[in-house]
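Letters go in sequence order (proteins before strands), and every chain restarts at 1. Hydrogens, waters and symmetry mates are skipped; everything else that's a heavy atom, side chains included, is used.
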Amino acid sequence: VNALARWMADAALRIGAGRHGEWISALRNELDYAPDSGAALEWALGGLAMSVAHNLEQTFFPWTRRPDEPPPFGAAALIGFLAVAAPAYFVGAAVLYVLGAPIPATTFNFVSPPLLLLGAALCAWINLGAMLAVGTGGSRALRVRPRLINMALLAAALLVIGGLAYHAVMERVAGW
Amino acid sequence: MPEPTRLTGPLRRLVGALHGAGAEWRHGYVLSQETGLKSGTLYPLLIRLHALGLIDKKWGAPEAEGRPPRHLYRLNAGGKAFARKLSATPLPGVLAWDVKS
């Protein structure tokens, strides 16, 4: 249990390094003073939750990030992948269905298109947000910090959004 | 000096505990025990109070050989003034009850 608590505290430190690095180090050091393993685990869990919450805040709301903080490229890529994977599957299934593949309509018809669009848009938003950084001090200029994985996911999200939009238009116009 | 805008129960408990300690420095774990706050609630509050310039922090010496140093916290002059103001401000629920009665 102690080893797990330490692992969680170290993970909190890795995830939350940056603005709150010193605070999370302080939180981690307190582990040695916890009276028992259960208390240490609870303490470490709180630290991990705090780090993850901070990371998510920076991922979804990039303007909360200070210019000297490292962008959460990894978190954006992971959440973006999950957000775009489902729409990609359903769009793929829809396209195959339209092309005549023997796929039952229920394969892609039970998740609403607005939800899929929201997933793809979320992926585009957080990956774009991770790559954009606001300048320091008086300079408000935007700088782009390109990362291959974030650019790839952004492109995938835009493709999915395009696919969904195309499918929606064709459904209305061509009566698919 | 800027002050927290959301005067939540956990914030009140933490400021109360720090105020009760007076000029003494307090560790995070001790504050957690005194206030009943979990680490995931306590530290974001400490960070907020420090960002607002209401608490001082420092690294203390390790308490024993082989143990890590600990962060210590206490209210500064601005923090003490805020604590006094906070203790004079009733909780919204109490105020509503008083008005009704």
Side-chain angles (χ1 to χ4, degrees), chain A residues 1-61 63-69 72 75, chain B residues 2 4-6 8-15 17-18 21 24-76 78-79:
Chain A
V1 174
N2 268 329
L4 178 64
R6 267 175 211 296
W7 179 85
M8 280 164 56
D10 288 340
L13 199 53
R14 275 197 306 277
I15 295 168
R19 191 194 308 190
H20 301 323
E22 185 192 351
W23 294 92
I24 298 168
S25 287
L27 188 149
R28 189 203 178 283
N29 287 1
E30 291 291 317
L31 268 187
D32 281 46
Y33 300 90
D36 54 67
S37 304
L41 189 64
E42 193 180 13
W43 187 258
L45 193 64
L48 188 59
M50 171 184 148
S51 276
V52 170
H54 174 62
N55 204 279
L56 287 178
E57 184 195 10
Q58 291 203 333
T59 304
F60 286 99
F61 310 109
W63 56 88
T64 62
R65 198 170 62 229
R66 274 190 339 209
D68 56 335
E69 283 183 283
Chain B
T5 48
R6 282 183 299 143
T8 59
L11 180 82
R12 284 170 180 273
R13 267 146 60 195
L14 175 60
V15 171
L18 285 165
E24 275 182 45
W25 293 90
R26 282 278 195 269
H27 301 122
Y29 200 82
V30 172
L31 283 172
S32 168
Q33 287 178 318
E34 284 179 356
T35 58
L37 298 176
K38 310 284 184 206
S39 57
T41 306
L42 175 70
Y43 277 82
L45 285 176
L46 286 170
I47 291 168
R48 257 175 76 199
L49 290 175
H50 185 259
L52 292 167
L54 299 175
I55 60 168
D56 293 330
K57 66 174 168 69
K58 70 171 186 178
W59 284 104
E63 289 179 6
E65 185 83 17
R67 286 193 151 193
R70 302 175 85 175
H71 234 200
L72 297 158
Y73 316 98
R74 74 175 178 192
L75 289 179
N76 55 26

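In this structure, B:Ile47 and A:Met50 have side chains that are in contact, with non-hydrogen atoms separated by less than 4.5 Å. Side-chain atoms of B:Trp59 and A:Ser25, non-hydrogen and from C-beta on, do get closer than 4.5 Å to each other.
Contact annotation for A:Ala34: both backbone and side-chain heavy atoms come within less than 4.5 Å of a heavy atom of chain B.
Distance OG/B:Ser39 to CZ/A:Arg28: 13.5 Å, rounded to 0.5 Å. Here the CZ-CG distance, from B:Arg67 to A:Leu31, works out to 11.5 Å after rounding to the nearest 0.5 Å. Separating the CH2 atom in A:Trp43 from the CG atom in B:Leu42 is a distance of 5.5 Å, to the nearest 0.5 Å.
Around the CH2 atom of A:Trp7, the shell of radius 6.0 Å holds no more than 12 heavy atoms that belong to other residues, nucleotides or ligands. Heavy-atom neighbours of B:Lys57 NZ from other residues, nucleotides or ligands within 6.0 Å: above the threshold of 12.
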message: Before you tell me yes or no, could you show the steps for A:Glu30 and B:His71 under side-chain hydrogen bond (donor to acceptor under 3.5 Å, both in side chains), namely the whole-Å CA-CA distance, both residues' side-chain angles and the distance that decides it to 0.1 Å?
response: CA-CA 8 Å; A:Glu30 291 291 317; B:His71 234 200; over 6 Å; no
task: Take B:His27 and A:Tyr33 through the side chain to side chain contact (heavy atoms under 4.5 Å, CB included) test and state the conclusion after the steps.
output: CA-CA 10 Å; B:His27 301 122; A:Tyr33 300 90; over 6 Å; no
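Minimum heavy-atom separation, A:Asn29 to B:Pro69: ND2-O, 2.9 Å.
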